[in-house]
Amino acid sequence: RAELENTPSMRRCDYYLCRTSRSFSAVIRALDAELRPAISIFYLVLRGLDTVEDDMSLDKKLKHKLLTTFHEKLYDPQWNFDGSGPNEKDRDLLVEFHVVTQEFLALDKKFQVVIADICKRMGHGMAEFIDKTVETVDDYNLYCHYVAGLVGIGLSKLFSASGLESAEVGVDEERANSMGLFLQKTNIIRDYLEDLEEGRTWWPRQVWSLYGTKLSDFASPDCEAGGLACLNHLVADALQHVPDCFVYMSRLRTQSVFNFCAIPQVMAIATLDLCYNNKQVLKRNVKIRKGTAVSLMMKATSLANVIDIFVSYSKSLQSQGVTTDPTYGKLSSTLDTIFKRA
Ligand SMILES: CC(C)(C)CN1C(=O)[C@@H](CC(=O)N[C@@H](CC(=O)O)C(=O)O)O[C@H](c2cccc3ccccc23)c2cc(Cl)ccc21
């Protein structure tokens, strides 16, 4: 196993990395040595921030303070937080956060500044949405920018700073943002029911109000038609980011960086194809089959293969296209653009 370097705190970081996401932690560990520590720590710092944002049991004032000052905690090797709710998935990462901070402070300063800056911008963005709900499509794009677009912007700067990728990769914030929006919008579409049950509503009101009187309606069988039309609307919206993702991935030159970026992208297009016009999304949490995920991971190692995967799922979406949907026209024109850019 290509562990992170062998200090006790690095071993603990490796433990948390494997715990947060088994399959993806292998992809992180496969990164070239110049990038592995920086990306591993960035991933764990973001898990910590996400654990605070996800915690609905936290007092709002405390939550606001934590989110907006989290970037400063990165420079305090003693800081830990044991105030998370009992069932927060990664609460013990925060309880033992000093292991992340210690490894953060051991990183080259050029990586530290990127991670701290993204943390600051993301924390303030998450704090903005503590009381603000996602009303318009602009709110939707802004929220996804804060929680995922900024991750793409930060990763791109780390890739360039390491010298493994070009300066262009690090400066094109628009394309980096699209990489994040494509993943996050796919998660929000897929997690409709799970989020609804946890009192979180990320589907924008400006969209769902075209198809129902309240977002929770779509979970009941007699509002299924509206729910599907709304689901299909959001899938068409997410697909708009695909051309930017093709441009972004076409610029990558290091194999391990390409794999790291391409694997979540092909999982997302497969998930969108599974979700489209699928009433199960409104009833339970749908996920692509493990076997499909494994074959996608193995195939997503070249731009040609990635485009081939996107084209085949885009053809599937085209064949499932519901011509009576108000957004059918947008879906088919977006798919045509994807075929043209392929
Ligand atoms: C919200 C999110 C999409 C940004 C989460 N996010 C990702 O989804 C991971 C993938 C992941 O964690 N997969 C998990 C899925 C899960 O846990 O449900 C798995 O088990 O396979 O990938 C992203 C990620 C990877 C590569 C390039 C990116 C560019 C822009 C934005 C994010 C990018 C990620 C990179 C970093 Cl550094 C931090 C977080 C993420």
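Read the numbers this way: they start at 1 and go in the same order the structure lists the ligands and their atoms.
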Item to check | Polar contact flag, side-chain donor to acceptor under 3.5 angstrom, Asn285-Glu194 | outcome: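 Yes.
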
Checklist entry - Is it the case that Glu103 and Thr7 place a side-chain donor and acceptor less than 3.5 Å from each other? => result yes

Can a protein heavy atom be found under 4.0 Å away from [atom]?
| atom | answer |
| --- | --- |
| atom 7 (C) of ligand 1 | no |
| atom 16 (C) of ligand 1 | no |
| atom 12 (O) of ligand 1 | yes |

Closest non-hydrogen protein atom to [atom], residue and atom name please, with distance?
| atom | result |
| --- | --- |
| atom 39 (C) of ligand 1 | Tyr43 CE1, 3.7 Å |
| atom 28 (C) of ligand 1 | Leu155 CD1, 3.5 Å |
| atom 21 (O) of ligand 1 | Ser23 OG, 3.3 Å |
| atom 1 (C) of ligand 1 | Gln184 OE1, 3.3 Å |
| atom 30 (C) of ligand 1 | Gly152 CA, 3.3 Å |
| atom 19 (C) of ligand 1 | Ser21 OG, 3.3 Å |
| atom 34 (C) of ligand 1 | Val151 CG1, 4.2 Å |
| atom 18 (O) of ligand 1 | Arg190 NH2, 4.5 Å |

Item to check | Option passing side chain to side chain contact (heavy atoms under 4.5 Å, CB included) with Tyr192 (candidates Trp202, Phe218, Trp208) | outcome: Phe218

Item to check | Donor-acceptor pair, side chain of Trp203 and main chain of Ile188, under 3.5 angstrom | outcome: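 Such a contact is found between Trp203 side chain and Ile188 backbone.
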
Next on the checklist: Quick check for you: to the nearest 0.5 Å, what is the distance between Asn259 atom CG and Ser302 atom OG?
Outcome noted: 9.5 Å

Next on the checklist: Tell me the nearest of Leu46, Asn177, Leu183 to atom 32 (C) of ligand 1, using heavy-atom distances.
Outcome noted: Leu183

Next on the checklist: Just to be sure I'm reading this right: ignoring hydrogens, which of Phe260, Phe159, Phe24 gets closest to atom 26 (C) of ligand 1? Compare them by their nearest heavy atoms.
Outcome noted: Phe260

Item to check | Pair Arg205 + Asp139: basic N to acidic O under 4.0 Å | outcome: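 No, Arg205 and Asp139 are not salt-bridged.
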
Next on the checklist: Counting neighbours of NZ on Lys89 that are heavy atoms of other residues, nucleotides or ligands and sit closer than 6.0 Å, is the number greater than 12?
Outcome noted: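 Enclosed: over 12 neighbouring heavy atoms sit under 6.0 Å from NZ of Lys89.
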
Item to check | Axial cation check for Tyr15 ring with Arg12, 6.0 Å and 45° limits | outcome: yes

Checklist entry - Think Lys73 forms a cation-pi with Phe70, using NZ or CZ under 6.0 Å from the six-ring centre and within 45 degrees of its axis? => result no

Checklist outcome for this item: Within 4.0 Å of some non-hydrogen atom of Ala148, the atoms of ligand 1 are 31 (C)

